[in-house]
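Before any comments, here is the structure.
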Amino acid sequence: MDSIKGIKGVKDILPEETPRWRLIEDTARRWALCYGYQEIRIPLFELTALFARSIGSATDIVEKEMYTFPDRDGTSLTLRPEGTAGTVRAFIEHNRAADPLPQKYFYIGPMFRHERPQAGRLRQFHQFGVESFGTSDPRADIEVIALLWRLLSDLALPDLTLEINSLGSSEDRAAYKPLLRSFLLQQESRFCENCRRRMDTNPLRVLDCKVPDCRAATESAPRLMDHLSPEARVHFDQVLSGLCALDVPYQLNPRLVRGLDYYCLTSFEITSSHLGAQNAVGAGGRYDGLVETLGGPSVPAVGFAVGLERISLMLQKTSTALRDECLYYVAAFGEAGVKCGLVLLDELRKAGLSAQCDYRSSSLKSHLRQADRSKCRFAILLGDDEVARGTVILRNLESKAQEALPLSGLASLLRARTFSA
RNA sequence: GUGGGUGUAGCUCAGUUGGUUAGAGCGCCGGAUUGUGGAUCCGGAGGUCGCGGGUUCGAAACCCGUCAUCCACCCCA
């Protein structure tokens, strides 16, 4: 009989790795709460139309990467490829804009995109993201960038670079695109096939091409940054000076263009040189028009998302192995010992002390071998002799020091020791 | 969707120009006078050589196909 395998690009996170994942998730939650963001839990799937409208129907995500399927009545549903669309939908649906307080949310959970798996890229992957609604002030941009920077720094991820750019307003881009396009057309022969196609569909992306010849060809291209409206320019300058004031180091990258349609003004990305080809750890930007696009009021917004797998990959290299520890191993053997051991295990656990036992082991020797492997700090030896005396032997597995303790009331005695130390 | 690499024990991998019972290390289970773990020594379990076809007296090895996986492109977190 053939065994059933997992789905391509959908990975199990095994017990060896979950402590690392909890560290990442706990750190993210802590920083988000510290900055006044509140957790929101949104569905894993939504109407397909939501993503098509928010992300942009001409983007790669919508065109070829979504897990889309018909509901039983035929309506098209899609597994969420990112978290912003659903968060904005919930924001509108529950009329949160009517609440006068700043609306700041974070989410954490799995996302789904049908891509070829690669280092740092899976079909089910995990993101932590924040969305700050209602504030057009550049300090909101600074805040989310600082939050992202502090979070990643706290995890001590190596060689991070924050790159930042301004995409201007949609009017700025509309005015800039013809300039760029005519520049590109003048030297069309220098570009790769991909870029020639992009000149029509999305000329901004040509700036982002990794082919060295293409990069060289766009070296002297007109810069969007030089064609910003005065308002956009001021906004951008204030973001940059704010980052300076907070000592968040950044690098201007005029080529930085995001792949989702809804971004405007501030756009940023944090990369690491330790990640292989997919070097972006997290990215985000401002999306002032999105709430309105999805049928809500005109509400400015800014946010980011980070890839948890990519953080995990880097953490694997830098930090020592984490593991979940168990305190006591109960080595119960012999006819009477086994009976008492069953009860003792339960009492320890009821007292909040982690305890385990290998029920297969029948000799003290094999128990101690298991205790050693389990990495418990103590073994409690309980054989027929101890039962007869009404005691147990508490053995420190590291120092090998042993002491006899009374069996009755043992759990509360150990509890008192554990929590007073 | 495109390109390349890799599929042999639970894990990491050997396996000669095709040659007979397919190996090692680690891990696992047991033992070394029966109540004391890690070290050492000894023993044991565990493999449709990814799958299907072909070439051959003979295939883990060569050929074709297929699947899986990894890396890269595209693009993204």
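Per chain, numbering begins at 1; letters A, B, ... match sequence-line order.
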Please figure out whether G282(A) or G9(A) has its closest RNA chain B nucleotide nearer the 5' end. G9(A)
5'-most by nearest nucleotide on RNA chain B - K5(A) or I393(A): I393(A)
Measuring only the [atom1] atom in each nucleotide, how far is [N] from [M]? A whole number of Å is fine.
{"N": "rG25(B)", "M": "rU66(B)", "atom1": "C1'", "value": "33 Å"}
{"N": "rA45(B)", "M": "rC29(B)", "atom1": "P", "value": "16 Å"}
{"N": "rG50(B)", "M": "rA22(B)", "atom1": "P", "value": "15 Å"}
{"N": "rC71(B)", "M": "rC28(B)", "atom1": "P", "value": "29 Å"}
{"N": "rG4(B)", "M": "rC74(B)", "atom1": "C1'", "value": "16 Å"}
{"N": "rG54(B)", "M": "rU21(B)", "atom1": "C1'", "value": "27 Å"}
{"N": "rA24(B)", "M": "rG46(B)", "atom1": "P", "value": "15 Å"}
{"N": "rG23(B)", "M": "rC64(B)", "atom1": "C1'", "value": "30 Å"}

For [X], report the nucleic acid contact type (base, sugar-phosphate, nothing); a contact means any heavy atom under 4.0 Å.
{"X": "E82(A)", "answer": "nothing"}
{"X": "G129(A)", "answer": "nothing"}
{"X": "I311(A)", "answer": "nothing"}
{"X": "F128(A)", "answer": "nothing"}
{"X": "L148(A)", "answer": "nothing"}
{"X": "K11(A)", "answer": "sugar-phosphate"}
{"X": "E63(A)", "answer": "nothing"}

Euclidean distance, atom [atom1] of residue [X] to atom [atom2] of [N] [Å, nearest integer]:
{"X": "L382(A)", "N": "rU36(B)", "atom1": "CG", "atom2": "P", "answer": "16 Å"}
{"X": "E115(A)", "N": "rG1(B)", "atom1": "CD", "atom2": "P", "answer": "13 Å"}
{"X": "I7(A)", "N": "rC67(B)", "atom1": "CD1", "atom2": "C1'", "answer": "16 Å"}
{"X": "R123(A)", "N": "rC70(B)", "atom1": "CZ", "atom2": "P", "answer": "11 Å"}
{"X": "L275(A)", "N": "rA72(B)", "atom1": "CG", "atom2": "P", "answer": "10 Å"}
{"X": "I61(A)", "N": "rA77(B)", "atom1": "CD1", "atom2": "C1'", "answer": "9 Å"}
{"X": "L308(A)", "N": "rA77(B)", "atom1": "CG", "atom2": "P", "answer": "14 Å"}
{"X": "E65(A)", "N": "rC73(B)", "atom1": "CD", "atom2": "C1'", "answer": "13 Å"}

State whether [X] places a side-chain N or O below 4.0 Å from either non-bridging phosphate oxygen (OP1 or OP2) of [N].
{"X": "R121(A)", "N": "rC71(B)", "result": "no"}
{"X": "Q278(A)", "N": "rC73(B)", "result": "yes"}
{"X": "K64(A)", "N": "rG1(B)", "result": "no"}
{"X": "Q127(A)", "N": "rA77(B)", "result": "no"}

Are the side chain of [X] and the backbone N or O of [Y] linked by a donor-acceptor pair below 3.5 Å?
{"X": "D137(A)", "Y": "R139(A)", "answer": "yes"}
{"X": "R349(A)", "Y": "A355(A)", "answer": "yes"}
{"X": "N165(A)", "Y": "L256(A)", "answer": "yes"}
{"X": "R173(A)", "Y": "L167(A)", "answer": "yes"}
{"X": "S363(A)", "Y": "S366(A)", "answer": "yes"}

Residues T161(A) and Q251(A): closest non-hydrogen pair is CG2-OE1, 3.5 Å
Considering all heavy atoms of both residues, which atom of E131(A) and which atom of G83(A) are nearest to each other, and what is their separation? OE2-C, 4.3 Å
SB check D154(A) R30(A) (cutoff 4.0 Å): yes
Please check if atom CZ in R29(A) has more than 12 non-hydrogen atoms from other residues, nucleotides or ligands closer than 6.0 Å. yes
First locate atom CZ of F378(A), then atom CD of E398(A), and finally report the distance between them rounded to the nearest 0.5 Å. 9.5 Å
Could you please name the option among rU2(B), rU69(B), rC76(B) that lies closest to any side-chain atom of R116(A)? rU2(B)
Could you check which of rG30(B), rU69(B), rA77(B) has an atom nearest any side-chain atom of S366(A)? rG30(B)
Reference residue H126(A); test side-chain hydrogen bond (donor to acceptor under 3.5 Å, both in side chains); the match among E309(A), E25(A), R310(A): E309(A)
Between rA77(B) and F125(A), is there a base-stacking contact, meaning the centre of the base's six-membered ring lies under 5.5 Å from the residue's ring centre while the planes stay under 30° apart? yes
Stem ranges for RNA chain B, with three or more consecutive Watson-Crick or G-U pairs under 3.5 Å? B:1-7 with B:67-73, B:10-13 with B:23-26, B:28-32 with B:40-44, B:50-54 with B:62-66
With sugar-phosphate taken as primed atoms, P, OP1 and OP2 and all else as base, the protein-contact string of nucleotides 37-44 of chain B at under 4.0 Å (heavy atoms; B, S, -) is BB------
Does the side chain of D141(A) come under 3.5 Å of the side chain of T266(A) through a donor N or O and an acceptor N or O? yes
